[in-house]
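So the structure is just underneath, and the comments pick up after that.
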Amino acid sequence: MIKAVRGFKDILPGESEKWVYLENLARKFFLSYGFREIRLPILEKTELFARSLGEATDIVEKEMYTFIDRQKESLTLRPEATAGICRAVIENGLYAQGKILKLFTIGPMFRHERPQRGRLRQFHQLNAEVFGSNAPGTDAELIALALDILDAGGARGLRLEINSLGCPACRPAFREALKEFLTGVREKLCEDCQRRVERNPLRVLDCKRQECQSLYVDAPKLEDFLCPACKEHYLSVLKDLETLNIAYVKNPCLVRGLDYYVRTTFEIKAPDLGAQDTVAAGGRYDGLIKALGGPDIPGVGFAIGLERFLLIAELPEDLSPPFDLFVVALGEEARRLVLPLVRNLRRHGLVVDLDHEGRSLKAQLKQANRLRARFALIIGEKELQEGKVLLRDMTTGTQEPLALAELETALLKRLVA
RNA sequence: GUGACCGUAGCUCAGUUGGUUAGAGCACCGGGCUGUGGCCCCGGGGAUCGUGGGUUCAAAUCCCACCGGUCACCCCA
């Protein structure tokens, strides 16, 4: 048997309704926050991701689905959405001086990781990005948006963690101070962290090991190194959050895995998720557009992991659409007679089905029952002769005779809400 | 990439210290009720026991390898 590729999952009926529900819910919020949808290719030139995420990140180093196509060009299944959105913004000239551009997109991402709870190789994200705004209010607004979507989906007990990574003006000083500190305690660090000290010292702060974390309480804090502009920005974001009554936890160790972040970074965590507990994350990436060859406009955004959202979402019990009518046609003559009727009812938006297999009345009623049809329309030889069909209410079991001649209008009257 | 646990009908599982033809419940199809669903009863179809090798008179059962799944590490949405 040919099976789906490891880490790639089918979304089956029963599950797909939940996806549509959450996507629609998110769409509603994106639109009310003034965002417009952008749909993007899932395949991009490898260079785009290498340049935007950073060559030394785990994603670029070992998690991308990269291949050489027939034109001998290196292409990559997108591991995240921001790079592609930036590319599209630049390529299509969506920016303009002073214009605020708010975009969202929904779709699959691909990373070659070992699958586990809340982690797939193809997974899906809801992304929102704002271009052209330096204002801290934009950062706070995005956080509010993410939380509103998650809350409307019934996710509870969320924890917002926030940090500021500074900017190219102030981060280097902190980097040096941190490096110095780390060199002092180097022997006590775990293997991974020892490696990080040289390559990417900030990532050390993100280490999950208790031993390392207990050392870092004495480490220099990035917040103390922020330049006045970054400091003011950070405080203003926090203030907006407070004004919006949004609870947050400052996490000076929140570093994020992508190189392009500056200033605000945040994660929304859900304790119920298990090891992969980040359901949404985002931050500011002011230099990215320029680095990709575009104008010097700032950007902020976030992504919600849809699979993870689904794991903690509280959804309405029954998301399947109501099934209006099952037409029980007994015999070929009846079936032929009913064909145009069924089609017309469907064109009116009603959910209607019938049996083409020539099964018995009993079998067809059984199917109607299984489909949870509100009504069954019974038409056999007797009905054909008498010019009357039977409309059976499947919940009460009562049957009403309807004249064949005005059947369609009679049905529409009873079925259209 | 590393580790632990797990792989028996479509689904959930049973299968004794290795021993006839591998079972059950649910689901599906049919019948009881030849034109009335749900409840009940009866019957039926459906399994390369994850794959390949090995041990043995004999393997779903023991051993090895591989594949897949789950969870954790790592990393992240």
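Just the heavy atoms: all of them, side chains too, but no hydrogens, waters or symmetry mates, feed the values below.
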Can I get a per-line list of side-chain donor-acceptor pairs under 3.5 Å for residues 30-38 of chain A, giving both atom names and the distance, sequence neighbours left out?
{"from": "A:Ser32", "atom 1": "OG", "to": "A:Lys28", "atom 2": "O", "distance (Å)": "2.8"}
{"from": "A:Ser32", "atom 1": "OG", "to": "A:Phe29", "atom 2": "O", "distance (Å)": "3.2"}
{"from": "A:Tyr33", "atom 1": "OH", "to": "A:Asp148", "atom 2": "OD2", "distance (Å)": "2.5"}
{"from": "A:Glu37", "atom 1": "OE1", "to": "A:Arg27", "atom 2": "NE", "distance (Å)": "3.1"}
{"from": "A:Glu37", "atom 1": "OE1", "to": "A:Arg27", "atom 2": "NH2", "distance (Å)": "3.3"}
{"from": "A:Glu37", "atom 1": "OE2", "to": "A:Arg27", "atom 2": "NH2", "distance (Å)": "3.0"}
{"from": "A:Glu37", "atom 1": "OE2", "to": "A:Arg39", "atom 2": "NE", "distance (Å)": "3.3"}

Less than 3.5 Å apart, which donor and acceptor atoms pair up between the side chains of residues 321-338 of chain A and the rest of the protein, not counting sequence neighbours?
{"from": "A:Asp324", "atom 1": "OD1", "to": "A:Arg374", "atom 2": "NH1", "distance (Å)": "2.9"}
{"from": "A:Asp324", "atom 1": "OD2", "to": "A:Val351", "atom 2": "N", "distance (Å)": "2.7"}
{"from": "A:Glu332", "atom 1": "OE1", "to": "A:Arg335", "atom 2": "NE", "distance (Å)": "3.1"}
{"from": "A:Glu332", "atom 1": "OE2", "to": "A:Arg335", "atom 2": "NH2", "distance (Å)": "3.0"}
{"from": "A:Glu332", "atom 1": "OE2", "to": "A:Arg336", "atom 2": "NH1", "distance (Å)": "3.3"}
{"from": "A:Glu332", "atom 1": "OE2", "to": "A:Arg336", "atom 2": "NH2", "distance (Å)": "3.2"}
{"from": "A:Arg335", "atom 1": "NH1", "to": "A:His356", "atom 2": "ND1", "distance (Å)": "2.8"}

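Environment of CD in A:Glu47: sparse, with no more than 12 heavy atoms of neighbouring residues, nucleotides or ligands closer than 6.0 Å.
Residues in residues 116-133 of chain A take part in these salt bridge (charged side-chain N to carboxylate O under 4.0 Å, His left out) pairs, two or more places apart or across chains: A:Glu113-A:Arg119.
Taking the side chain of A:Ala275 as heavy atoms from C-beta on, and the options B:C73, B:U70, B:C76, the nearest nucleotide is B:C73.
Computed from coordinates, the A:Ile59 CD1 to B:C74 P distance equals 16 Å when rounded to whole Å. The interatomic distance linking A:Leu371 (CG) with B:C28 (P) rounds to 11 Å, in whole Å. The CZ atom of A:Arg121 sits 14 Å away from the C1' atom of B:C74 (whole-angstrom rounding). Following rounding to the nearest Å, A:Lys62 (NZ) and B:C74 (P) show an atom-to-atom distance of 11 Å. Spacing between atom CE of A:Met109 and atom P of B:C76 amounts to 16 Å, rounded to whole angstrom units. Summarising the geometry, the separation between CG on A:Leu120 and C1' on B:U70 is reported as 12 Å, rounded to the nearest angstrom. Taking atom CG of A:Asp277 as the reference point, atom C1' of B:C71 lies 15 Å away to the nearest angstrom. As rounded to whole Å, 12 Å separates atom P of B:C71 from atom CZ of A:Arg114.
The same atom, C1', is picked in B:A59 and in B:G15; the two are 13 Å apart, to the nearest Å. B:C66 and B:G3 have their P atoms separated by 11 Å, given to the nearest Å. Here the separation of B:U36 from B:G46, taken at their P atoms, is 30 Å to the nearest Å. Nucleotides B:G43 and B:G7 are separated by 31 Å at their P atoms, to the nearest Å. Across the C1' atoms, B:A9 and B:C57 are found 30 Å apart, a figure rounded to whole Å. The same atom, P, is picked in B:C62 and in B:G18; the two are 8 Å apart, to the nearest Å. The C1' atoms of B:U61 and B:G23 are separated by 15 Å, rounded to the nearest whole Å. Between B:U51 and B:A22, the distance separating the two P atoms is 16 Å to the nearest Å.
No contact: A:Ala368 has no heavy atom under 4.0 Å from any strand. A:Gly7 comes within contact range of the sugar-phosphate backbone alone, with a heavy-atom separation under 4.0 Å but no base atom that close. Within 4.0 Å of A:Arg117, counting heavy atoms only, lie sugar-phosphate atoms of the nucleic acid but no base atom.
Residues passing the salt bridge (charged side-chain N to carboxylate O under 4.0 Å, His left out) test with A:Asp272, sequence neighbours excluded: none. In this view, A:Thr395 and A:Asp393 satisfy the side-chain contact (heavy atoms from CB on, under 4.5 Å) rule, not counting sequence neighbours. By the salt bridge (charged side-chain N to carboxylate O under 4.0 Å, His left out) test, A:Glu381 is found to be paired with no residue, residues two or more places apart in sequence or in another chain being considered. The salt bridge (charged side-chain N to carboxylate O under 4.0 Å, His left out) test applied to A:Arg6 returns no partner, not counting sequence neighbours. Residues meeting the salt bridge (charged side-chain N to carboxylate O under 4.0 Å, His left out) test with A:Glu176, sequence neighbours left out: none. For A:Ala155, the side-chain contact (heavy atoms from CB on, under 4.5 Å) test picks out A:Leu150, A:Leu158, A:Phe309, A:Ile312, with sequence neighbours left out.
Relative orientation of the A:Tyr65 and A:Phe8 rings is perpendicular, given thresholds of 30° and 60° on the angle between their planes.
Nearest-nucleotide assignment on RNA chain B puts the 5′-proximal partner with A:Arg359, out of A:Arg359 and A:Ile304. Heavy-atom nearest nucleotides on RNA chain B were determined for A:Gly274 and for A:Glu307, and the one closer to the 5' end corresponds to A:Gly274.
Using a distance-only test at 3.5 Å, with no hydrogens or angles considered, a donor-acceptor pair links the side chain of A:Asn92 to the main chain of A:Ala88.
Here the closest heavy-atom approach between residue A:Tyr234 and residue A:Ile162 is recorded as OH-O, 3.5 Å.
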Residue pair A:Glu267, A:Thr278: steps toward the side chain to side chain donor-acceptor pair (under 3.5 Å) verdict: CA-CA 6 Å; A:Glu267 291 191 4; A:Thr278 304; 3.1 Å; yes
Pairs: protein N or O with nucleotides 7-11 of chain B N or O, under 3.5 Å:
none

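In this model, the phosphate group of B:G69 is approached by a side-chain N or O of A:Arg6 to a distance below 4.0 Å at OP1 or OP2. The phosphate of B:U70 (OP1 or OP2) has no side-chain N or O of A:Gln116 nearer than 4.0 angstrom.
RNA chain B contains the following stems of three or more consecutive Watson-Crick or G-U pairs, with both distances under 3.5 Å: B:1-7 with B:67-73, B:10-13 with B:23-26, B:28-32 with B:40-44, B:50-54 with B:62-66.
Taking 3.5 Å as the limit, the base of B:C71 and the side chain of A:Arg119 contain no donor-acceptor pair of atoms between them.
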Tell me, for nucleotides 32-39 of chain B in 5' to 3' order, what letter each nucleotide earns: B for a base near a protein heavy atom under 4.0 Å, S for only sugar-phosphate near one, - for neither? B--BBBB-
